[in-house]
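Okay, so here's the structure we're looking at.
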Amino acid sequence: MAQSKFVKANEEIAKKVAGTFEKIEKAVVGGYTKVEDAFVDRYLTRDGETVEDAKARLKQETGAAEKQ
């Protein structure tokens with residue numbers, strides 16, 4: 001049985017909305033990551049430490065503090 005025009009139109013709209021949402025999500029998360037990296041680089045890194053090393057250290061320190 002053939003689907004009505006409305007069902008087909010709704011499916012196309014749903015695909016476009018989902019695709020647009022994914023694009024927006026990636027842009028927002030990417031922007032947040034840039035801001036987070038800049039903050040960690042400026043304020044939380046120690047001498048000679050990379051941003052990734054600082055994030056790992058902070059995560060480890062936070063995990064240790066939560067266990068206590």
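The figures that follow rest on heavy atoms only: side chains count, while hydrogens, waters and symmetry mates do not.
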Q | Least distance between heavy atoms, E49 atom then D53 atom | A | CG-CB, 3.5 Å
Q: Quick one: pull up CZ in R57 and OG1 in T50 and give me the separation to the nearest 0.5 Å.
A: 10.5 Å
Q.
Measuring from atom NZ of K55 to atom OG1 of T62, what distance do you get when rounded to the nearest 0.5 angstrom?
A. 13.0 Å
Q) Which residues pass the ring-ring contact (aromatic ring centres under 6.0 Å, His included) test with F6, sequence neighbours left out? A) none
Q: Evaluate salt bridge (charged side-chain N to carboxylate O under 4.0 Å, His left out) for E22 paired with K15, printing each intermediate quantity in order.
A: CA-CA 11 Å; E22 288 176 9; K15 287 179 185 177; over 6 Å; no
Q. When Ile, Leu, Val, Met, Phe, Trp and Tyr are grouped by side-chain heavy atoms lying under 4.5 Å apart, directly or through other members, which residues fall in the same group as F21?
A. none
Q | Whichever hydrophobic residues join Y32 through chains of side-chain contacts under 4.5 Å | A | none
Q) In the hydrophobic clustering (ILVMFWY, side-chain contacts below 4.5 Å, transitive), which residues join V51, or is it alone? A) F39, V40, Y43, L44, L58
(Q) Going by side-chain hydrogen bond (donor to acceptor under 3.5 Å, both in side chains), name the residues that satisfy it together with Q60, two or more places apart in sequence or in a different chain. (A) none
Q.
For E12, is there an ion pair with K16 - N to carboxylate O distance below 4.0 angstrom?
A. no
Q.
Through direct or indirect side-chain contacts below 4.5 angstrom among Ile, Leu, Val, Met, Phe, Trp and Tyr, which residues connect to I13?
A. V17
